[in-house]
Amino acid sequence: MENEVLLEEKKNREKTFAIKGLIFIFLGITARVFILFFYYYIHMLNPYISWGDVYRNYHYESTEHYPLVSQIFIEIFVFLSFGRFGVFVFWAFFWELVTSLMFYFVIKSFNIKNKGYTFGFFLINPLLFFINIFSLEGCGYHITESFFLFFLFLALIYYPRKERYARYLFYIFLGLSMCIKYYTIPAIGFLFIKFLYEKNWKELKIMAILIVPLLIVLIFLPLFYLPYHYIALVIWNYRGSYVPRFIRALPFLCIFILFILFRLEKSDIFEILVISMVAFGTYLFFSWPFLRWFQSIIFYGILKEREFFRFKLNLGFIKREKIVNNHLLTFCLSFIGVFYSILIIIFYL
């Protein structure tokens with residue numbers, strides 16, 4: 001009898017999760033569409049409001065900040081805009097929406113429980129919404145970030161799979177994400193040390209054969225015949241130059257060394273990717289103080305499933321058991337990130 005009651009409670013809980021998930025997904029997608037039309041509307045009323053990165057990307061005013069592959073993608077979608085800036089804004093919206101929807105397949109590949117509920121929490125995460133979509137300055141789209149996340153999420157979709165072809169695709173897509181944005185390049189050092197320590201020659205060989213040639217062809221060789229590509233590689237050092245380079249590199253070095261000493265042996269590749277992006281983000285923060293450098297923490301919080309505790313909620317007319325897990329905790333802590341994002345914007349305005 002007791003088992004039947006527990007089973008019924010579990011079914012009711014899963015049904016509640018499913019309903020909440022559908023509501024969150026609807027709200028997340030609807031909010032994104034609304035924000036797009038909101039941007040069009042406010043810029044019709046006041047054309048002088050900044051379009052941010054979208055405007056600079058369209059007019060090639062910031063392409064020297066980006067690696068070669070990112071520049072190629074920008075040129076493709078500028079061409080597909082047919083000379084109309086409004087169309088390019090739609091492409092920026094489209095890529096953010098596509099990468100957001102792709103995360104469902106990442107969740108599914110990681111075999112997370114209550115997939116719809118988890119995905120819904122991701123879509124309405126306030127910090128992701130604030131750093132990738134909405135902006136107090138006029139427009140929050142960052143199309144090059146979406147290009148990077150597209151290939152990173154493709155890599156993560158294939159990461160948990162055991163088939164040989166999935167392993168190859170994981171490293172290929174990971175390598176392409178490195179060529180679009182440099183965020184995950186420190187992972188090469190972590191993985192090289194880990195595979196060497198574990199004597200995992202097979203994984204080391206696959207990584208070297210698939211990732212290294214991509215980096216040579218798309219990042220290293222262009223340095224010799226594309227001057228602006230060299231500028232894209234070093235421009236991070238020009239910004240924030242008032243801080244000595246040793247000080248700027250210190251957080252990165254501390255994370256790198258401490259992770260190798262105390263965590264690398266027990267970590268998996270996904271955790272290594274997250275730490276790599278966080279470590280690289282600490283360096284970038286001195287050039288451009290954006291919290292989007294650290295959004296990988298949110299991905300980690302969602303995909304590393306863990307239940308922290310439960311408690312009984314008894315408010316008379318409301319009696320239910322509440323579960324505090326990684327999804328709820330990540331969502332709540334994201335509001336702290338939003339608060340700091342607003343402070344940074346106010347400070348640098």
Side-chain angles (χ1 to χ4, degrees), residues 99-100 102-112 118-119 121-122 125-128 131-132 142 145-161 167 170-171 173-195 197-198 203 207 211 249 251-285 290-306 308 325-334 336-337 340-341:
T99 54
S100 296
M102 279 180 65
F103 197 72
Y104 173 80
F105 297 98
V106 178
I107 292 170
K108 185 177 179 181
S109 187
F110 273 67
N111 199 26
I112 303 297
T118 303
F119 179 56
F121 252 143
F122 168 79
N125 185 281
L127 183 57
L128 288 178
I131 61 181
N132 291 330
H142 307 283
E145 298 291 322
S146 296
F147 295 152
F148 165 75
L149 291 177
F150 177 81
F151 285 99
L152 177 65
F153 288 168
L154 277 176
L156 293 180
I157 287 171
Y158 287 102
Y159 164 66
R161 301 183 184 180
R167 216 79 207 120
F170 166 72
Y171 283 112
F173 290 133
L174 180 61
L176 288 172
S177 73
M178 292 177 181
C179 296
I180 293 173
K181 294 281 188 177
Y182 304 133
Y183 307 152
T184 50
I185 285 183
I188 295 177
F190 286 128
L191 292 174
F192 178 79
I193 295 172
K194 183 177 178 64
F195 295 153
Y197 176 79
E198 296 176 346
E203 201 75 11
M207 182 185 72
I211 290 185
F252 174 87
L253 292 173
C254 288
I255 293 173
F256 195 89
I257 294 171
L258 291 174
F259 187 74
I260 289 176
L261 292 176
F262 300 108
R263 183 61 189 173
L264 184 62
E265 183 181 354
K266 299 179 180 179
S267 65
D268 57 20
I269 295 178
F270 173 60
E271 184 177 340
I272 288 173
L273 292 178
V274 172
I275 289 296
S276 300
M277 288 186 276
V278 171
F280 199 78
T282 60
Y283 185 81
L284 298 180
F285 193 81
F290 302 143
L291 287 189
R292 68 172 177 268
W293 309 137
F294 307 107
Q295 61 180 305
S296 58
I297 297 174
I298 298 175
F299 307 150
Y300 183 85
I302 293 173
L303 296 175
K304 284 292 184 178
E305 199 160 33
R306 182 180 178 185
F308 295 99
N325 55 17
N326 56 304
H327 309 305
L328 183 60
L329 193 62
T330 301
F331 179 80
C332 294
L333 292 178
S334 294
I336 299 176
Y340 280 109
S341 295

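- Looking at T282 and F294, their side chains come closer than 4.5 Å, going by heavy atoms from C-beta outward.
- Sequence neighbours left out, the pairs with a member in residues 290-299 that pass salt bridge (Lys or Arg N to Asp or Glu O under 4.0 Å) are D53-R292, E145-R292.
- F148 and S177 get closest at one heavy-atom pair: CD1-O, 3.3 Å.
- Taking each heavy atom of F252 and P186 in turn, the nearest pair found is CE1-CG, 3.8 Å.
- Scanning all heavy atoms of the two residues, the minimum distance from F331 to P126 falls at CE1-CD, 3.5 Å.
- Using bins of under 30°, 30° to 60° and over 60° for the plane-to-plane angle, the ring pair F190/F259 lands in the perpendicular bin.
- Of the candidates F299, F121, F150, F103 forms a ring-ring contact (aromatic ring centres under 6.0 Å, His included) with just one, namely F299.
- For the atom pair CD1 of I193 and CG of L264, the computed distance is 6.5 Å after rounding to the nearest 0.5 Å.
- With rounding to the nearest 0.5 Å, the separation of CG in L333 from CD1 in I297 is 10.5 Å.
- Relative orientation of the F122 and F119 rings is parallel, given thresholds of 30° and 60° on the angle between their planes.
- Around CD of E198, the count of heavy atoms belonging to other residues, nucleotides or ligands within 6.0 Å exceeds 12.
- Expressed to the nearest 0.5 Å, how far OG of S296 lies from CG of L303 amounts to 11.0 Å.
- A donor-acceptor pair under 3.5 Å is formed between the side chain of N326 and the backbone N or O of G301.
- Separation of atoms OG1 (T184) and CZ (F280) is listed at 9.0 Å; rounding is to 0.5 Å.
- The minimum heavy-atom distance linking Y159 with R167 is given by the pair O-NH1, 3.2 Å.
- Atom CD1 of I272 is separated from atom CE of M277 by 12.0 Å, given to the nearest 0.5 angstrom.
- The two atoms that bring I112 and I302 nearest to each other are CD1-O, 4.3 Å, heavy atoms only.
- Taking the side chain as every heavy atom from C-beta outward, Q295 and F290 never approach each other to under 4.5 Å.
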Using the side chain to side chain contact (heavy atoms under 4.5 Å, CB included) rule, take M178 and I188 through it: C-alpha gap first, then chi angles, then the decisive distance, then the call.
CA-CA 10 Å; M178 292 177 181; I188 295 177; 3.8 Å; yes
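- In F105, the CZ atom is not crowded: 12 or fewer heavy atoms of neighbouring residues, nucleotides or ligands sit closer than 6.0 Å.
- Residue S109 comes nearest to L156 through the heavy atom pair OG-O, 4.1 Å, listed as atom of the first residue, atom of the second, then distance.
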Derivation of the side chain to side chain contact (heavy atoms under 4.5 Å, CB included) call for L174 and L273
CA-CA 10 Å; L174 180 61; L273 292 178; 3.7 Å; yes
Evaluation steps, side chain to side chain contact (heavy atoms under 4.5 Å, CB included), between T99 and F147
CA-CA 8 Å; T99 54; F147 295 152; over 6 Å; no
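- In this structure, CG on L176 lies 9.5 Å from CG on L154, to the nearest 0.5 angstrom.
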Ring pair (Phe, Tyr, Trp, His ring centres under 6.0 Å) between W293 and Y183: does it pass, once the steps are laid out?
CA-CA 8 Å; W293 309 137; Y183 307 152; 5.7 Å; yes
For L127 and Y340, what are the C-alpha separation, side-chain angles and deciding distance, and is it a side chain to side chain contact (heavy atoms under 4.5 Å, CB included)?
CA-CA 10 Å; L127 183 57; Y340 280 109; over 6 Å; no
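- Looking only at side-chain heavy atoms (C-beta outward), S334 and L128 stay at 4.5 Å or farther from each other.
- Screening residues 266-281 for side-chain hydrogen bond (donor to acceptor under 3.5 Å, both in side chains), with sequence neighbours left out, gives R263-E271, D268-K304.
- Between F110 and F270, the ring-plane angle classifies as perpendicular under the 30° and 60° cut-offs.
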